[in-house]
Amino acid sequence: MKSAAAYPGSVPPAIVVPGSVLARTRERLVREAERVALRTGAELVVFSGKDEAEHMLSLWHGPDLELVVEEQATTTAENAVRTLPALLERGVREVVVVCAPAHALRARWIFRRIYGVHGIRVGVRPARVLPTPAALVYELGAATVARRQVREHR
């Protein structure tokens, strides 16, 4: 990951944090987003998820920067689609998606397809969360519908 010094004179990446149903995982996502913000000099963090975004906002103890809450998304594809307007309005050209490790491959695939058509580069930073067997099974099942979800939202 590039340091803040790697972005002189340019817009640093924004950080997008899709929610998790587990409160402990949300806390780890926010801690990782704080670390990424400090390393990159990010000026914007977007928390996304119907029942998770406000909670993640309340956990933030990172640098003083713009924090945006998107509270409608219920799927990863919706996280990408519903956070896109905030990024485009601010001229963001690069995003770091902070998510659980089990979610990283699918999140990368979805966000790159939705953001990429708008010229936004996507990196993924997994948080320090041990994947549970249930999370792995969920991701396998969710992967079967990811292509359809992206098509519906493009």
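None of the values given here were measured: they were computed from a predicted structure.
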With heavy-atom distances below 4.5 Å as the criterion, would you say the side chains of Arg125 and Arg39 are in contact? yes

For residues Glu78 and Thr75, determine if any side-chain heavy atom of one lies less than 4.5 Å from a side-chain heavy atom of the other. yes

Check whether any side-chain heavy atom of Pro18 sits under 4.5 Å from a side-chain heavy atom of Phe47, and report yes or no. no

Hey, does Val95 have a side-chain heavy atom less than 4.5 Å from the side chain of Pro13? no

Pick from Arg113, Arg106, Arg112: which one makes a side chain to side chain contact (heavy atoms under 4.5 Å, CB included) with Trp109? Arg113

Does the side chain of Tyr115 reach to within under 4.5 Å of the side chain of Val16, using non-hydrogen atoms? yes

If you take all heavy atoms of Ile120 and Val92, which pair is closest and at what distance? CG1-O, 3.5 Å

Contact between Thr76 and Phe111 at the side-chain level, heavy atoms closer than 4.5 Å - yes or no? yes

Flag the pair Val68 / Leu57 as yes when at least one side-chain heavy-atom distance between them is below 4.5 Å, and no otherwise. no

Who pairs with Ala33 by side-chain contact (heavy atoms from CB on, under 4.5 Å), at least two apart in sequence or on another chain? Ile15, Val17, Trp60, Val98

Does the side chain of Val69 reach to within under 4.5 Å of the side chain of Leu67, using non-hydrogen atoms? no

Selection residues 59-69 - residue pairs positive for salt bridge (charged side-chain N to carboxylate O under 4.0 Å, His left out), sequence neighbours left out: Glu66-Arg90

With side chain to side chain donor-acceptor pair (under 3.5 Å) as the rule and sequence neighbours excluded, what pairs involving residues 47-57 come up? Arg26-His55, Ser48-Glu70, Ser48-Asn79

Can you name the nearest heavy-atom pair linking Ala42 to Leu65, along with the distance? O-CD2, 3.2 Å

I'd like to know if Glu27 pairs up with Arg31 as an ion pair, taking the criterion as any Lys NZ or Arg NE/NH1/NH2 lying under 4.0 Å from an Asp or Glu carboxylate oxygen. yes

If hydrophobic clusters are built by linking Ile, Leu, Val, Met, Phe, Trp and Tyr wherever their side-chain heavy atoms come under 4.5 Å apart, do Leu105 and Leu29 end up in the same one? no

Checking Glu32 side chain against Arg28 main chain: does a donor-acceptor pair fall under 3.5 Å? no

OG-CE distance between Ser20 and Met56, expressed to the nearest 0.5 angstrom: 8.5 Å

Nearest heavy atoms of Arg93 and Gly119, plus distance in Å: NH2-O, 3.0 Å

